[in-house]
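Remarks on the structure that follows.
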Amino acid sequence: MESAAAESKAMRRAPCECRNLTLEERAAKKGAGEAAAIRCLVPRSGVTKFEDAVFGPSEIQNAEIEDFVLLRSNGLPTYQLSVVVDDIDMRITHVIRGADHLSNTPKQVLIYLGLGAAPPIFAHVPLILGADRTRLSKRHGATSVGSYVEEGFLPEAFRNFLALLGWSSGDDTEYLPTAELVRRFSLGGVSRTNAVFDRPKLEWFNTQYLSQMPIEELLPHVEGQLRMDGLWRDEWSSGDGHAWLARTVDLLRPRTRFLKDFSGWGRAFFSDEFEYEGEARAKFWKEPRLAEMLGKLADALAGLPEWNHDACDHALRELAAAEGVKAGLLINATRVAIVGRAVAPPLFDSMVALGRERVVSRLRRALPVVGGGQATTAG
RNA sequence: GGCGCCAUGGUGCAACGGUUAGCACAUCGCCCUUUCAAGGCGGUAAUACGGGUUCGAUUCCCGUUGGCGCUACCA
């Protein structure tokens with residue numbers, strides 16, 4: 001430990017003393033063809049001050065600022081010079097950036113002044129830290145915004161989450177769609193403490209947006225997901241097909257956590273090809289008489305004069321009563337038969353969404369499997 | 001090492017001299033229930049430490065400790 005510290009201390013570069021070179025010495029070096037970088041000649045006394053919209057007034061002794069490089073010996077400008085020149089050129093009025101730039105701001109102010117330009121308004125926002133409390137980086141598993149989109153996060157939700165890291169509207173409102181965020185934002189609400197990126201809360205925001213955002217805004221995202229998984233059908237683009245899609249997505253969304261859930265556990269609503277989840281089968285297809293009862297249910301449903309929630313409900317409960325079993329037994333078994341899993345929206349709503357044809361045929365298709373067969377794939 | 005910034009539950013924010021220290025996520029429990037969620041209700045949990053200032057400090061000042069950042073011919 002101590003030796004490592006001593007080592008880094010020894011390796012620390014000594015401050016450049018070129019400023020003490022006499023004119024003759026400079027001429028000599030230049031004559032010898034020595035490459036030279038151009039540094040900012042920082043006053044050895046006085047202070048440099050600036051006002052930060054978030055951190056307030058700031059003052060630093062010039063003696064603390066080294067003669068930093070402006071132009072490298074190869075002629076290329078450094079970041080410090082570049083940003084200032086570019087911002088002046090573009091007439092930038094507000095420089096809003098991470099607090100990691102706070103310490104370098106005095107240098108930039110010096111450049112503005114040296115160039116005869118008025119410094120812009122600076123606003124430094126707190127850093128976002130990983131769970132280990134160090135600045136967020138690739139090493140945290142993470143990642144670009146793009147990777148969050150790939151994971152199935154909605155841009156709107158991600159933005160809302162990010163906005164609340166280091167900023168608050170003043171009251172306790174947290175669900176703030178972009179338009180509202182824009183309306184409420186002010187630099188004055190920005191905090192000065194670094195924030196830890198809290199993944200669980202991000203996921204919570206995603207579920208909020210998934211289930212609350214206007215359905216027409218959500219649909220394009222769902223379409224994108226379905227296309228990506230090869231489940232999209234053009235008939236859902238307009239008319240009755242679109243209306244059906246909207247209703248179905250609305251049915252599914254309260255229990256989705258990510259966009260991919262629509263094509264994941266929700267797959268059976270968009271495709272006839274789906275599998276019976278092993279756990280669901282084991283749990284809800286135990287009763288030996290099930291195949292027989294589900295067959296009767298299929299027949300009853302096929303003969304129903306009307307196809308709606310209540311009609312399905314009555315038909316199933318009637319059968320359960322006649323067979324002397326609890327309705328739940330048939331409900332759960334039927335759910336697995338028509339959507340392949342235990343995790344799904346309420347049964348009768350699901351049946352309406354799927355339509356009579358599919359429900360009846362899926363029930364019949366499941367009979368041999370329910371009876372203890374080995375097949376696990378339907379369709 | 002030097003300089004700077006920051007410090008309220010596990011996490012993100014409120015309270016900008018006087019509140020039983022509030023909200024959300026997470027967590028635990030209960031209700032609801034047709035699976036899984038959602039939702040509703042409730043619980044556990046915080047002012048880093050030490051000095052001041054003040055009738056009164058989470059809040060203002062100083063110190064300590066801790067964290068982070070900058071300290072490159074990186075950006």
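We name chains A, B, ... by the order of the sequence lines, and we start the count at 1 in each one.
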If you apply the rule salt bridge (charged side-chain N to carboxylate O under 4.0 Å, His left out), what do you find for A:Glu203 with A:Arg199, and how did you get there?
CA-CA 6 Å; A:Glu203 294 187 6; A:Arg199 168 91 188 197; 2.9 Å; yes
Carboxylate-amine/guanidinium proximity below 4.0 Å for A:Arg227 and A:Glu223
yes
Which one, B:A14, B:G69, B:U11, comes nearest to the side chain of A:Asp198?
B:U11
Give A:Arg341 one of three labels, base, sugar-phosphate or nothing, depending on what nucleic acid heavy atoms sit under 4.0 Å from its own.
nothing
No-hydrogen, no-angle side-chain donor-acceptor test under 3.5 Å, A:Asn160 and A:Glu156
no
Base, sugar-phosphate or nothing for A:Leu127? Non-hydrogen atoms, less than 4.0 Å.
sugar-phosphate
Would you indicate what A:Glu174 reaches in the nucleic acid, counting non-hydrogen atoms under 4.0 angstrom: base, sugar-phosphate, or nothing?
base
Say you pick atom P in B:G9 and the same atom in B:C5; how far apart are they, in whole Å?
22 Å
Who passes side-chain contact (heavy atoms from CB on, under 4.5 Å) against A:Ala117, sequence neighbours left out?
A:Ile88, A:Tyr112
Can you pull out the residues from residues 317-336 of chain A that lie within a 4.0 Å heavy-atom distance of RNA chain B?
A:Arg317, A:Ile331, A:Asn332, A:Arg335
Regarding A:Ser73, tell me which of base, sugar-phosphate or nothing describes its non-hydrogen contacts under 4.0 Å with the strands shown.
base
Please give, in whole Å, the distance from B:A21 P to A:Asp172 CG?
16 Å
By a strict heavy-atom criterion of less than 4.0 Å, which residues belonging to residues 292-313 of chain A are in contact with RNA chain B?
none
Using the C1' atom as the point on both nucleotides, what is the distance between B:C25 and B:C68, in whole Å?
24 Å
What is the nucleic acid contact for A:Thr207, judged by heavy atoms within less than 4.0 Å: base, sugar-phosphate only, or nothing?
nothing
Counting any heavy atom closer than 4.0 Å, what does A:Glu279 reach on the DNA or RNA strands: base, sugar-phosphate only, or nothing?
nothing
Toward the 5' end of RNA chain B, by each residue's nearest nucleotide, A:Glu59 or A:Asp171:
A:Glu59
Remember a base hit wins even if backbone is also touched, and classify A:Ala37 as base, sugar-phosphate or nothing at under 4.0 Å, heavy atoms.
base
Strictly below 4.0 Å, heavy-atom distances to any atom of RNA chain B: list the hits from residues 84-108 of chain A, or just say none.
A:Asp100, A:His101, A:Ser103, A:Asn104, A:Lys107
Would a hydrophobic clustering, with Ile, Leu, Val, Met, Phe, Trp and Tyr connected at side-chain separations under 4.5 Å, put A:Val47 with A:Leu110?
no
Nearest-angstrom distance from the residue atom CZ of A:Phe161 to C1' of B:C13:
12 Å
Looking at the side chain of A:Gln208, which of B:G39, B:C36, B:U11 is the nearest nucleotide?
B:G39
Below 4.0 angstrom, which residues in residues 253-264 of chain A have at least one non-hydrogen atom near RNA chain B?
A:Pro254, A:Arg255
If pairing means Watson-Crick or G-U wobble with both distances under 3.5 Å, then the partner of B:A24 is B:U11
Which of residues 343-353 of chain A have a heavy atom under 4.0 Å from RNA chain B?
A:Val343, A:Ala344, A:Pro345, A:Pro346, A:Leu347, A:Phe348
Inspect the contact between A:Glu180 and A:Arg184 and indicate whether a charged nitrogen and a carboxylate oxygen are less than 4.0 angstrom apart.
yes
What is the nucleic acid contact for A:Gln80, judged by heavy atoms within less than 4.0 Å: base, sugar-phosphate only, or nothing?
base
Tell me if the aromatic rings of A:Tyr175 and A:Tyr209 count as close, with their centers under 6.0 Å from one another.
yes
